[in-house]
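Down below is the structure, laid out as structure tokens.
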2 protein chains.
Amino acid sequence: MSGKKGYHHGNLPETLLGLGLEAIESEGREGLSLRALAERAGVSKAAPYRHFADRDDFLSALANEGYRLLYEALRAAVPPRESEILPSLGRAYLAFALSRPSLYRLMTAPGVCVVDQGSAASVPGAPPSEPGWPRRALLFLAECLARDAARQVGEPVPSADSAAAAWAYIHGLVMLRIDELFPLDYGEPDWEFLAGTFPRLQSRRDPDSGLTGS
Amino acid sequence: MSGKKGYHHGNLPETLLGLGLEAIESEGREGLSLRALAERAGVSKAAPYRHFADRDDFLSALANEGYRLLYEALRAAVPPRESEILPSLGRAYLAFALSRPSLYRLMTAPGVCVVDQGSAASVPGAPPSEPGWPRRALLFLAECLARDAARQVGEPVPSADSAAAAWAYIHGLVMLRIDELFPLDYGEPDWEFLAGTFPRLQSRRDPDSGLTGS
DNA sequence: GCTGTATGTTGGCAACGATAACATTATACC
DNA sequence: GGTATAATGTTATCGTTGCCAACATACAGC
């Protein structure tokens, strides 16, 4: 399947994406070179352009692949006990970003990955395209945040603000961490503590509801 | 001052940095080209290398300039009433990042700007070098966060975690906004929520890692 | 087998980063 | 003022990369 059969590679796009996942961490987004990937794949310098329009298109495909991995990581992190879902997901999210910082930065960079707007077929003739990986991953995350908020406060539909705040918080933690932006006098923050604490943000609308999660 | 006097430009570094501030927003970090900046400055393509070791060095200088602008924006945003400092600073921080998204991304990118470790002279004989713009900006922000937390709870020295959490929240909001990653429509951030909630985090750890730089 | 399409190769161009060798201006020092 | 020296800018050049055009090869349906 994956062996090269002479002239034709067999599955060059997947091979390039796999190499790209390694390269973006070792070389960074700017240092990633399609020519180098092609050579590493044992293929000529122009071969990638048969599968990807240009470099940006390849980077978009890489980011898409990243959202697929994130989605699977989040799904795998759902704990048996409903009450632990947010800390568990938060840690999984953080672990994913920390294990692939450059990819995470690429995924969240503007103009790289467009989160599609649901299954409304943009092209009239096309089938109702199912949501892409970015939407599936972010939607799944938002659903878990919303479900937990509803469980804590007892409302069926949580406020958008609480989910947004929780996500902003965890995203901010992730970015500060992967960008190594905590050089001030105080040492390394207690990330475990912070990651485990952010569910408390949910209870803003109802301050007297104990918020003692455990 | 800024006119070209024939062979010598006069103040090429400042001119290049000024052009770079525009270029990084219009072209993005990857699209920014030293050659193009040189041409735009009316100077040969190799001239920038007299002032900046390489492209990364120029980007670092750009980021440094960005921290200077951020520092000034934060200082200008300090309100007369102490109780409003957090919302005011939060808004200023957000406004800065939203007005210069690519620059902000560059400033917070890893390996671009090294935040110096304070005034402890690295070389024994050297004078106690004053902190650079990144440190001054971030320290000022942390001080304001800490002061506000202390004001609310009534403790002189707040915990590092509370400032870290508040900053993570702000930074996360900023990044989500910059990267247009917010599928949820979300208006003005709830600064009161930010101010009221995060000090609660502080009672968990020993507050011996002080923030007061001076 | 023949033909059309998908896939990969070769050659080449332009832009860019970076360096070396050279030219010109500013500055310090007498 | 005059000169040595450093600072600053220019020209020429190399290596890498993105990207395109023209060509070559493999595969699939008939």
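Chain letters run A, B, ... following the sequence lines, proteins first, then strands; residues in each count from 1.
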Grab the N/O contacts between the protein and nucleotides 19-22 of chain D below 3.5 Å, and write none if there aren't any.
residue	atom	partner	partner atom	Å
dC19(D)	OP2	Y49(A)	OH	3.4
dC19(D)	OP2	R55(A)	N	2.8
dC19(D)	N4	R35(A)	NH1	3.3
dA22(D)	N6	R50(A)	NH2	3.2

I'd like to check the ring-ring contact (aromatic ring centres under 6.0 Å, His included) partners of F58(A); sequence neighbours left out, ordered by chain and number.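 With sequence neighbours excluded, F58(A) shows a ring-ring contact (aromatic ring centres under 6.0 Å, His included) to F52(A), given in chain and number order.
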
Go through the structure and list residues passing side chain to side chain contact (heavy atoms under 4.5 Å, CB included) with E14(A), not counting sequence neighbours.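 Per chain and number, E14(A) pairs via side chain to side chain contact (heavy atoms under 4.5 Å, CB included) with N11(A).
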
Can you check the [X] [atom1] to [N] [atom2] distance for me, whole Å?
| X | N | atom1 | atom2 | result |
| --- | --- | --- | --- | --- |
| F52(B) | dG9(D) | CZ | P | 11 Å |
| L16(B) | dG9(D) | CG | C1' | 12 Å |
| E27(B) | dG17(C) | CD | P | 12 Å |
| D57(A) | dG18(D) | CG | C1' | 14 Å |
| R40(B) | dC16(C) | CZ | C1' | 14 Å |
| N11(A) | dC27(D) | CG | C1' | 16 Å |

Please check the phosphate of dT16(D) (OP1 and OP2 only) for any side-chain N or O of S33(A) closer than 4.0 Å.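 No, no such contact exists.
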
Please check the phosphate of dA6(C) (OP1 and OP2 only) for any side-chain N or O of H51(A) closer than 4.0 Å.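 The answer is no; no side-chain N or O of H51(A) sits under 4.0 Å from OP1 or OP2.
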
Students often mix this up, so state it plainly: with edges at 30° and 60°, are the rings of Y104(B) and Y93(B) parallel, tilted or perpendicular?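 Perpendicular: the ring planes of Y104(B) and Y93(B) meet at over 60°.
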
So what does L32(A) hit on the nucleic acid, given a heavy-atom distance under 4.0 Å: a base, only sugar-phosphate, or nothing?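 Touches sugar-phosphate only.
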
Please list all pairs meeting salt bridge (Lys or Arg N to Asp or Glu O under 4.0 Å) that have one or both residues in residues 66-77 of chain A, counting only residues at least two apart or in different chains.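 Listed once each, the pairs are E65(A)-R68(A), R68(A)-E72(A).
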
Would you be so kind as to tabulate the donor-acceptor pairs closer than 3.5 Å made by side chains of residues 31-48 of chain A, with sequence neighbours excluded?
residue	atom	partner	partner atom	Å
S33(A)	OG	R35(A)	N	3.3
S33(A)	OG	A36(A)	N	3.0

Using the salt bridge (charged side-chain N to carboxylate O under 4.0 Å, His left out) criterion, which residues pair with R29(A)? Sequence neighbours excluded.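 R29(A) satisfies salt bridge (charged side-chain N to carboxylate O under 4.0 Å, His left out) with E30(B) once adjacent residues are dropped.
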
